[in-house]
Amino acid sequence: MKIDFDLIWATYPRKAAKAFARKVWAKLNPTSELAQKILGAIQSWKESGVWEDQRYIPHLATWLNGERWEDELPAKKKENNVLDLTKRK
């Protein structure tokens with residue numbers, strides 16, 4: 001499956017500065033393998049809980065320019081922000 005900008009845009013949760021994001025995508029000119037990696041990373045970040053608040057989601061152009069698909073995902077948030085004391089020494 002060919003992954004194009006429109007699919008990336010549809011998947012990315014923050015819809016801002018589309019024209020700039022399209023230019024960055026064109027400049028990046030990702031291979032199919034890289035495009036798949038980027039799409040997978042977007043899905044992972046969406047599922048991580050970090051992007052629940054739009055204020056903490058970078059614009060797609062910024063995310064692409066920073067090669068943020070290479071960033072390490074944070075640990076999943078605990079339900080109701082409950083502190084897990086079972087792992088104390």
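Quick caveat, the model's predicted, so the values are computed rather than measured. Sequence positions, counted from 1, serve as the residue numbers for this chain.
Taking the salt bridge (charged side-chain N to carboxylate O under 4.0 Å, His left out) definition, one finds that R14 meets it with nothing, sequence neighbours left out. Residues passing the salt bridge (charged side-chain N to carboxylate O under 4.0 Å, His left out) test with D53 are R55, sequence neighbours excluded.
Heavy atoms only, all atoms of each residue included: A35 and P30 are closest at N-CB, 4.0 Å. Between V50 and Y56 the shortest heavy-atom distance is O-CB, 4.1 Å. Residues W9 and A21 approach most closely at CZ3-CB, 4.2 Å, considering heavy atoms.
Rounding to the nearest 0.5 Å places CG of N65 at 12.5 Å from CH2 of W25. Going from atom OG1 of T11 over to atom CG of L39 covers 5.0 Å, rounded to the nearest 0.5 Å. The distance from the OG1 atom of T62 to the NE2 atom of H59 is 6.5 Å, given to the nearest 0.5 Å.
F20 CZ: 12 or fewer foreign heavy atoms inside a 6.0 Å radius.
Between Y12 and W51, the ring centre distance stays below 6.0 Å.
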Identify all side-chain donor-acceptor contacts of residues 68-75 below 3.5 Å with residues at least two apart in sequence or on another chain.
| from | atom 1 | to | atom 2 | distance (Å) |
| --- | --- | --- | --- | --- |
| R68 | NE | D71 | OD2 | 2.4 |
| R68 | NH2 | D71 | OD2 | 3.4 |
| E70 | OE1 | K37 | NZ | 3.4 |
| E70 | OE2 | K37 | NZ | 3.0 |

(request) Could you walk me through whether L28 and I38 pass side-chain contact (heavy atoms from CB on, under 4.5 Å), step by step? (result) CA-CA 11 Å; L28 185 61; I38 291 169; 3.9 Å; yes
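Looking only at distances, no side-chain donor or acceptor of E47 sits under 3.5 Å from a matching main-chain atom of I42.
Residue pairs satisfying the salt bridge (Lys or Arg N to Asp or Glu O under 4.0 Å) criterion with at least one member in residues 15-34, sequence neighbours excluded, are listed as follows: D6-R22.
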